[in-house]
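Down below is the structure, laid out as C-alpha cells.
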2 protein chains.
Amino acid sequence: MATRRSGKSYHHGDLRAALIAAAETELIEKGVDAFSLRGAARRAGVSHAAPAHHFKDANALLDALAASGFERLTAAMRAEQVASEADKTAQLVAAGIGYVRFAETNRELLQLMFGMSRRTGDDPDLARHSEAAFSVLVNGVGNVRGRQAFASEEGWRDVAACWSMVHGYAQLAIAGKMEFVTGLAFDEQRSLIEDLMRRAMSERGA
Amino acid sequence: MATRRSGKSYHHGDLRAALIAAAETELIEKGVDAFSLRGAARRAGVSHAAPAHHFKDANALLDALAASGFERLTAAMRAEQVASEADKTAQLVAAGIGYVRFAETNRELLQLMFGMSRRTGDDPDLARHSEAAFSVLVNGVGNVRGRQAFASEEGWRDVAACWSMVHGYAQLAIAGKMEFVTGLAFDEQRSLIEDLMRRAMSERGA
DNA sequence: TTTGCCGTCTTTTCGGTGTCAAGATAGATT
DNA sequence: AATCTATCTTGACACCGAAAAGACGGCAAA
C-alpha cells in the first residue's frame with residue numbers, strides 16, 4: 001500500500017499545513033461546491049480519515065483556509081497602501097484597491113471567506129485574522145477623519161460605507177455583473193474603484 | 001399541502017412548482033450546504049429520482065429557485081418605492097431599502113442568488129428575472145440623473161456605486177458583520193441605508 | 001537499552017447523496 | 001381499443017463525511 005509516501009515516514013511531520021495547502025488547490029480546481037475533504041486528503045497523499053486528527057470537521061479545515069485567506073487579504077491591502085502616495089485618502093483608496101485585487105485573483109477563496117457556506121465560524125484564528133483585515137479599513141478611515149470621529153457614530157458610518165462599497169463591488173465583479181460599466185483595462189477599473197471609494201467617504205471631486 | 005398525493009394518483013399534476021416550493025423550505029431549514037435534492041423530493045412527497053424529469057440537475061432546481069427569488073426581490077423593491085415619497089432620490093433610496101429588507105428576510109435565498117455556489121447559471125428565466133431586478137436600480141438612477149446620463153459613463157458609474165453599496169451592505173449585514181455601526185432598531189438601520197445610498201449618489205446632505 | 005505509552009495515520013464500516021438505467025403507471029393520441 | 005409517451009418508482013453505482021478500531025513509530029521513563 002501507500003504506507004510510505006515517496007520513501008518518507010509513516011508520520012507526515014506537518015500534515016496540518018499540508019492539508020490547508022491541499023485544500024486550497026482542491027477549492028480552486030473543484031470549486032466551493034465540489035470541494036471534498038477526501039479530495040484534499042488525496043492531494044496531501046494521506047488517507048481520507050487522516051484529517052480528522054487535525055480538524056474535527058471538513059468545515060473546520062475550510063475555516064483554517066479562510067483564516068489564511070484573511071491573513072493574505074490584509075497583506076494585500078497593506079502592500080497596495082505602501083505603494084501609494086502619502087495622501088491619507090489615497091491610502092484608504094489603495095486599501096480598497098488591494099481588497100478588490102485580492103478578490104479577483106482569489107475568487108473561490110473570497111467566496112469561502114465571506115459566504116456563510118461550508119464553515120463553522122468558531123475558529124479563533126479565523127476571527128483574529130478577519131478582525132485584522134477589518135482594522136486596516138478602520139485605520140484608513142481614522143487617518144482621514146481623525147480618531148475622534150469614532151467617538152460619535154460618524155466614523156463608524158464611514159467605515160460601513162467604505163466596506164459595503166468595496167465588498168459589494170468585489171462580490172459583483174467576481175460574479176461577472178460589473179461588465180456594464182468598464183472594460184477589462186487595468187487603469188479603468190482602478191479609477192472606477194477610486195471613484196467609488198471617494199463616494200463612500202463623500203469626497204467625490206467632480 | 002402535498003396537493004393530492006395522499007393515496008391519490010400516481011402522477012403528481014404540478015410537480016415542477018411543488019419541487020421549487022419544497023426546495024425553498026429545504027433550503028431555509030437545512031441551509032445552503034446541507035441542502036439535498038433527495039430532501040426536496042421527500043418534502044414534495046415523491047421519489048428521489050422524480051425531480052430528474054423536471055430539472056436535469058440538482059443545481060438546475062436551485063437555478064429555478066433563484067429565479068423565483070429575483071422575481072420577488074424586484075417586487076420587494078417596487079413595493080417599497082410606491083410606499084415612499086414622490087421625491088426621485090427618495091424613490092431610489094426606497095429601492096435600496098427594499099433590497100436590504102428582502103435580503104434580511106431571505107438570507108439563505110439571497111446567498112443562493114448571488115453566490116456562485118450550487119448553480120449552473122444557464123437558466124434563461126434566471127437571467128431574465130435577474131435583469132429585471134437590475135433594471136429597477138437603473139431606472140431609479142435614470143430618474144434622478146436624467147436619461148442622458150447613460151450616454152456617457154457617468155450614469156453607469158452611479159449604477160455601479162448604488163448597486164455595490166446596497167449589495168455589499170446586505171451581504172455584510174447578513175453575515176453579521178455590521179453590528180458595530182447600528183443597533184437592531186428599525187429606524188436606525190433605515191437612516192443608515194439612506195445615508196449610504198446618498199453617498200453612493202454623491203448626494204450626502206450633512 | 002529496553003519497555004510501554006500515546007499521538008498519528010490507516011482500514012473498515014455506516015448512512016446519506018447525486019445520477020443513471022430500467023421498469024411501472026396513467027393520461028393522451030391514433 | 002391499442003398504442004404511445006411523459007411521468008414517477010425502484011434499484012444500482014460511485015462518492016462523500018464521520019466514527020470506530022487497528023497499525024505504526026516517536027519518545028520518555030525505567
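Basis for what follows: all heavy atoms, side chains included, without hydrogens, waters or symmetry-related copies. Chain letters run A, B, ... following the sequence lines, proteins first, then strands; residues in each count from 1.
Distance CG (B:D14) to C1' (D:dC8): 15 Å, rounded to an integer number of Å. One atom, CG of A:L61, and another, C1' of D:dC16, lie 15 Å apart when rounded to the nearest Å. The distance from atom CZ of B:R16 to atom C1' of D:dA6 is 15 Å, rounded to the nearest whole Å. The separation between A:L19 atom CG and C:dT8 atom P is 13 Å, rounded to whole Å. Taking atom CG of residue A:L62 and atom C1' of nucleotide D:dC16, one finds them 14 Å apart after rounding to whole Å.
Side-chain atoms of A:R72 and A:S68 form a donor-acceptor pair, as typed in the model, at a separation below 3.5 Å. With hydrogens and angles left out, the side-chain atoms of B:R157 and A:S191 include a donor and acceptor closer than 3.5 Å.
In this pair, A:H167 and A:Y99 present their aromatic rings perpendicular. The plane angle is above 60°, beyond the 30 to 60° band.
A distance-only check finds no donor-acceptor pair linking the side chain of A:E24 to the backbone of A:L65 [under 3.5 Å].
In plain terms, the two heavy atoms of A:F114 and A:R119 that are nearest each other are N-NH1, 4.5 Å. Listed here is the closest heavy atom pair of B:S164 and A:L196: OG-CD1, 4.3 Å.
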Please list, pair by pair, any protein nitrogen or oxygen found under 3.5 Å from a nitrogen or oxygen in nucleotides 16-22 of chain C.
unit_1 : atom_1 : unit_2 : atom_2 : d
C:dG18 : OP1    : B:L37  : N      : 2.6
C:dG18 : OP2    : B:L37  : N      : 3.1
C:dG18 : OP2    : B:R38  : N      : 2.9
C:dG18 : N7     : B:R38  : NH1    : 2.2
C:dG18 : O6     : B:R38  : NH1    : 3.2
C:dT19 : OP1    : B:D57  : OD1    : 2.6
C:dT19 : OP2    : B:A58  : N      : 3.2
C:dT19 : O4     : B:R38  : NH1    : 3.4

